[in-house]
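Report on the following structure.
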Amino acid sequence: MIRELETPAISTLELGADNDAGRRSNALISVVVPVFNEEQVISLLHSRLSAVLPPIAPQFEVIFVNDGSVDRTAEIVDAICAADTRFKALHFSRNFGHQAAVTAGLSAARGDCIVVIDADLQDPPELIADLVEKWRAGYDVVYAQRISREGEGFLKKATAFLFYRVLNRISDLQPPPDTGDFCLMDRKVVNVLNSMPERKPYLRGLRVWVGFRQTAVPFERKARFAGETKYPLRKIIALAVDGMIGMSKVPLRLAMYLGLLVSAFSFILGVVYLIQHALGTDAAPRGWASTVVLILFLGGIQLVCIGVIGEFIGRIYDEVKERPRYIISRSTGF
Ligand code: UDP
Ligand code: MG
């Protein structure tokens, strides 16, 4: 009897929707900024954010996640936090990588929506207004989508282009192409991400995987304001592998496909040899080159497949060790 009374009526659901709209217009907005050796850009970033955020949101917080910087970044960030209580900082005990820094920022953020933005001003802070506008219109994930990239080399553009399209193909997810980490996420999306214990999260993939209402806002990606990229080819490849392995099982199946292909090929070859033998036209001494090619080909495929399996086993090993994804040595302003 009591149970029946407790069943929510439609009016309760409507009330929920109204509350949601209220929450979105009167929101606390969090901005998460991963920083690694960015001493040259932090001050300008601080002034741009301080100019952009107050008109958008009555309340906001900016969380710098200092990913083990070895320059004056920590000092500058602490000075900003001391002077302005809306700015806070987490300091890692060493460099744990960009994805770990974003993960830590998402856990620490208290906002009703959370914006993730790079420190180097390649992502214009002014676009946050557009992201928030879409969020207030009811979207839960708003991507900033690059329509152009300035100041990045041909190799970087080409690899990024290829990577996003291959990943779209082999994972069942369809993230809008040319979206990076710059985005806005609603509190409920971030709660889901925070509850995922993955050691090597590929946030751009997980952000699509969670679902909810998603949309994109186009923007022109600027050149870095100062300093050099903190993403050398080595880190890009590591991120690409994390994305491929974390979001898709196609690489594992590749071994089976290649195996089937080669077996079919060798079966056909066997039949051809048998026929030649029966007809008496086989040229026995001539097989040397083809034998060497086949042995190398098969050896190569086997090594590739073992490598792919090794990558997955490596991930499993990382997961079972259950080490923390990052270590915070101290925090400022919390
Ligand atoms: N970053 C980080 N840890 C790293 C590498 C980069 O926190 O190990 C930060 C960096 O400070 C910047 C953002 O991640 O705010 C993106 O890095 P970057 O601009 O160097 O990458 P790119 O734009 O060249 O891909
Ligand atoms: Mg950059």
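Read the numbers this way: they start at 1 and go in the same order the structure lists the ligands and their atoms. Just so it is clear, the structure is predicted and the values come from calculations on it, not from any experiment.
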Proximal candidate to atom 12 (C) of ligand 1 [heavy atom criterion; set Arg221, Glu38, His98, Gln99] =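 Looking at heavy atoms only, Glu38 sits closest to atom 12 (C) of ligand 1.
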
inquiry  = Tell me the nearest of Ala104, Gly180, Pro34 to atom 15 (O) of ligand 1, using heavy-atom distances.
reply    =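 Nearest option to atom 15 (O) of ligand 1, by heavy atoms: Pro34.
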
message = Any salt bridge linking Glu75 with Arg72? Criterion: basic side-chain nitrogen under 4.0 Å from a carboxylate oxygen.
response =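 Judged by the 4.0 Å cut-off on N to carboxylate O distance, Glu75 and Arg72 do form a salt bridge.
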
query = So, are Asp78 and Lys88 salt-bridged, with charged N and O less than 4.0 Å apart?
reply =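 No salt bridge links Asp78 with Lys88.
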
Would you mind listing which atoms of ligand 1 come within a distance below 4.0 Å of any non-hydrogen atom of [X]?
| X | answer |
| --- | --- |
| Asn95 | 3 (N), 4 (C), 8 (O) |
| Ala119 | 15 (O) |
| Lys235 | 4 (C), 5 (C), 8 (O) |
| Gln122 | 19 (O), 22 (P), 23 (O) |

query = Is the closest N or O pair between Ala101 and ligand 1 shorter than 3.5 Å?
reply =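 No: no nitrogen or oxygen of Ala101 is under 3.5 Å from one in ligand 1.
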
inquiry  = Would Arg94 pass as a cation-pi partner of Phe92, given that its NZ or CZ must be under 6.0 Å from the six-membered ring centre and within 45 degrees of the axis?
reply    =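 Because its charged atom misses either the 6.0 Å distance or the 45° angle limit, Arg94 does not stack over Phe92.
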
request  = Kindly state each residue pair satisfying side chain to side chain donor-acceptor pair (under 3.5 Å) with at least one member in residues 29-39, sequence neighbours excluded.
outcome  =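 Output for this query lists Ser30-Glu61, Glu38-Arg224.
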
ask   = Are the side chain of Ser107 and the backbone of Thr103 linked by a donor-acceptor contact shorter than 3.5 Å?
value =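 Side chain of Ser107 to backbone of Thr103: a pair is present.
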
key: Test item: side-chain donor near acceptor, Gln99 and Tyr202, under 3.5 Å   =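 Note: Gln99 and Tyr202 side chains miss the donor-acceptor criterion.
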
ask   = Going by distance alone, is a donor N or O of one side chain under 3.5 Å from an acceptor N or O of the other, for Asp67 and His91?
value =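 Asp67 vs His91: no donor-acceptor pair found between side chains.
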
query = To the nearest 10 degrees, how large is the angle at the Mg ion (ligand 2) between Asp120 OD2 and Gln122 OE1?
reply =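 Output for this angle: 100°, rounded to tens.
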
ask   = Heavy atom under 4.0 Å from ligand 1: found in Val65's side chain, backbone, both, or neither?
value =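 Answer for Val65: neither.
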
query = Which bit of Asp67 gets closer than 4.0 Å to ligand 1, counting heavy atoms only: side chain, backbone, both or neither?
reply =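 The part of Asp67 near ligand 1 is the side chain, not the backbone.
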
request  = Tell me whether Asp123 has at least one N, O or S atom under 2.8 Å from the Mg ion (ligand 2).
outcome  =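 Here the distance criterion (N, O or S atom, under 2.8 Å) is not met by Asp123, so no.
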
Ignoring hydrogens and angles, write down the donor-acceptor pairs under 3.5 Å from the side chains of residues 47-57, residues two or more places apart or on other chains.
from, atom 1, to, atom 2, distance (Å)
Ser47, OG, Ser43, O, 3.4
Ser47, OG, Leu44, O, 3.0
Arg48, NE, Glu126, OE2, 2.9
Arg48, NH2, Glu126, OE1, 3.0
Ser50, OG, His46, O, 2.6

